[in-house]
2 protein chains.
Amino acid sequence: MNEQEHIDKLMLELRRGTITIGVLSQLSSPQYGYSLVTMLNEKGVPVEPGTLYPLLRRLEKQGLLESSWDTNEARPRKYYVLSEMGKAVYEQLCKEWEGIVRSLDDLIHTRKDEENGDD
Amino acid sequence: MNEQEHIDKLMLELRRGTITIGVLSQLSSPQYGYSLVTMLNEKGVPVEPGTLYPLLRRLEKQGLLESSWDTNEARPRKYYVLSEMGKAVYEQLCKEWEGIVRSLDDLIHTRKDEENGDD
DNA sequence: ACATTATAGTGTATGACGCACACTATTGTA
DNA sequence: TACAATAGTGTGCGTCATACACTATAATGT
């Protein structure tokens, strides 16, 4: 396994959960799956259809999203939108996410020197 | 499932991979597992011994870490430190991590209105 | 001095869950 | 006819939390 393969694998894990936040962040107004895949990929959050569709259904089953079919268009589209609980969870999740980012940022820019080292 | 349970579960996923970065970030100089558990928890990256030890062994097997026993102390300690490849991977991973953070930050502070924003 | 408990330190086994990947299926459009 | 739009399923992998096992030392109590 070379460097790039390691990085790819680690990135895979790092992305975990971020897809969910990305999805939730876009569903304050209704959108359908196919458009979400496209948009998220454009915005730098790579996601596969085979990942997104199950995710959407999962989130709906858990009560974070609500869905409705639009059959007026050329092809039927399934629109998802945040439920009340979804909104609340999303708000809170953002705060927690920022906490994680801050902690990790802290570790990365290692401040070993300002430990006020008493040896 | 109430709000808090949802958040806990989502947080669990969000933390994925961040533990690895946290560990790598601390191993430019050698440290042993037990001290890492303590330190990371202090620094806001909660991690269980049962998570860290397998992680360290995994990273060593993959060639990102090197280990050596110190049997001079009261109890034997297994010290880990970044290998050359580990350093390279860590450097690159940090950049990628910042990319993820930036993308997600972008999505969270939804700029729906300024869709025409070409810098 | 001896027994008991706590702590430092490393390790394993199991189960859950989300993700990528490879697929299927339908319908409209060029 | 072939391609794009749109939604879906099934499998395998990897990491995480949890619970547990193990050893040797330090600390405590009697």
Side-chain angles (χ1 to χ4, degrees), chain A residues 1 5-24 30-41 45-62 64-65 67-80 93 100 104, chain B residues 1 5-24 30-42 45-62 64-65 67-80 93 100:
Chain A
M1 189 142 66
E5 286 169 330
H6 281 299
I7 293 170
D8 289 345
K9 193 196 279 192
L10 292 170
M11 287 293 289
L12 193 75
E13 292 302 317
L14 270 180
R15 273 196 264 269
R16 285 233 181 194
T18 64
I19 302 181
T20 305
I21 287 199
V23 166
L24 294 180
Q31 278 203 58
Y32 60 102
Y34 191 86
S35 70
L36 267 175
V37 175
T38 309
M39 174 203 285
L40 288 176
N41 277 298
V45 179
V47 57
E48 305 292 323
T51 299
L52 187 68
Y53 287 117
L55 172 59
L56 289 172
R57 309 184 122 242
R58 210 160 49 227
L59 293 176
E60 184 183 18
K61 187 156 66 172
Q62 295 172 350
L64 302 182
L65 297 181
S67 76
S68 59
W69 285 92
D70 178 1
T71 51
N72 293 331
E73 300 295 326
R75 296 179 201 72
R77 295 169 172 173
K78 194 170 182 182
Y79 277 83
Y80 290 90
L93 196 58
I100 291 181
L104 215 41
Chain B
M1 190 143 61
E5 285 169 330
H6 278 115
I7 293 169
D8 288 345
K9 194 195 278 192
L10 292 170
M11 287 294 288
L12 194 74
E13 292 302 317
L14 269 181
R15 272 195 265 269
R16 285 230 180 198
T18 64
I19 303 183
T20 304
I21 287 201
V23 166
L24 295 180
Q31 278 202 57
Y32 59 103
Y34 192 86
S35 69
L36 269 175
V37 175
T38 309
M39 174 203 285
L40 288 175
N41 276 300
E42 278 172 1
V45 179
V47 56
E48 304 293 323
T51 300
L52 187 67
Y53 287 116
L55 173 58
L56 289 172
R57 308 184 122 242
R58 210 159 52 226
L59 293 176
E60 184 182 18
K61 187 156 66 175
Q62 294 173 351
L64 303 182
L65 298 182
S67 75
S68 59
W69 285 92
D70 178 0
T71 51
N72 294 331
E73 298 295 324
R75 297 179 200 72
R77 295 168 173 174
K78 196 173 183 181
Y79 277 84
Y80 290 91
L93 196 59
I100 291 181

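Quick note on labels: first sequence line is chain A, next is B, and so on, each numbered from 1.
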Base, sugar-phosphate or nothing for A/E13? Non-hydrogen atoms, less than 4.0 Å. sugar-phosphate
Quick note, A/R58 side chain, CB onward, closest among C/dG11, C/dC19, D/dT25 is C/dC19
Please determine whether any donor N or O and acceptor N or O are separated by less than 3.5 Å between the side chain of B/R77 and the base of C/dG9. no
Does any non-hydrogen side-chain atom of A/I100 lie less than 4.5 Å from one of B/V45? no
For C/dT10, take OP1 and OP2 only and decide whether either is under 4.0 Å from a side-chain N or O of B/R57. no
From D/dA26, D/dA17, C/dT10, nucleotide with atom closest to B/A74 side chain: D/dA26
D/dT6 OP1/OP2 closer than 4.0 Å to side-chain N/O of A/Y32: yes
Choosing from C/dC19, C/dT10, D/dA7, which nucleotide comes nearest the side chain of A/W69? D/dA7
A/T18 vs A/P76, nearer the 5' end of DNA chain C by closest nucleotide: A/T18
Under 4.0 Å, heavy atoms only, any strand: does A/G33 hit a base, just the sugar-phosphate, or nothing? sugar-phosphate
Distance, rounded to the nearest Å, where A/Y34 contributes OH and C/dT26 contributes P: 18 Å
For B/T51 and D/dC16, is the shortest distance between a side-chain N/O and OP1 or OP2 below 4.0 Å? no
Under 4.0 Å from OP1 or OP2 of C/dT10: is there any side-chain N or O of B/Y53 that close? yes
Applying salt bridge (Lys or Arg N to Asp or Glu O under 4.0 Å), run through A/E60 and A/R57 and close with a yes or a no. CA-CA 5 Å; A/E60 184 183 18; A/R57 309 184 122 242; over 6 Å; no
How many Å lie between CG on B/L12 and P on D/dG14, as a whole number? 19 Å
Whole angstrom value for the distance that separates P of D/dG14 from CE of A/M11: 18 Å
Write down the distance between CG (B/L56) and C1' (C/dG9), rounded to a whole number of angstrom. 13 Å
Between C1' of C/dT10 and CD of B/Q31, the distance in whole Å: 16 Å
Say you draw a straight line from OH of A/Y79 to CD of A/Q31; how long is it, rounded to the nearest 0.5 Å? 8.0 Å
Please determine if a side-chain N or O atom of B/K78 lies less than 4.0 Å away from the OP1 or OP2 oxygen of C/dG11. yes
So do B/Q62 and A/E5 actually touch side chain to side chain, heavy atoms under 4.5 Å? no
I want to confirm an ordering. Mapping B/G17 and A/P49 to their closest nucleotides on DNA chain D, which one lands closer to the 5' end? A/P49
Least distance between heavy atoms, A/K78 atom then A/W69 atom: CD-CZ2, 3.6 Å
Between A/L55 (CG) and C/dC17 (C1'), how many Å, whole number? 12 Å
Can you measure B/M1 atom CE to C/dC17 atom C1' for me and round it to whole angstrom units? 11 Å
A/D8 CG to D/dC13 P, in whole Å, measures 18 Å
Need to verify one output field. Residue with the more 5' nearest nucleotide on DNA chain C, A/R75 or A/R16? A/R16
Please report the interatomic distance CZ(B/R16) to CD(A/E13), rounded to the nearest 0.5 Å. 5.5 Å
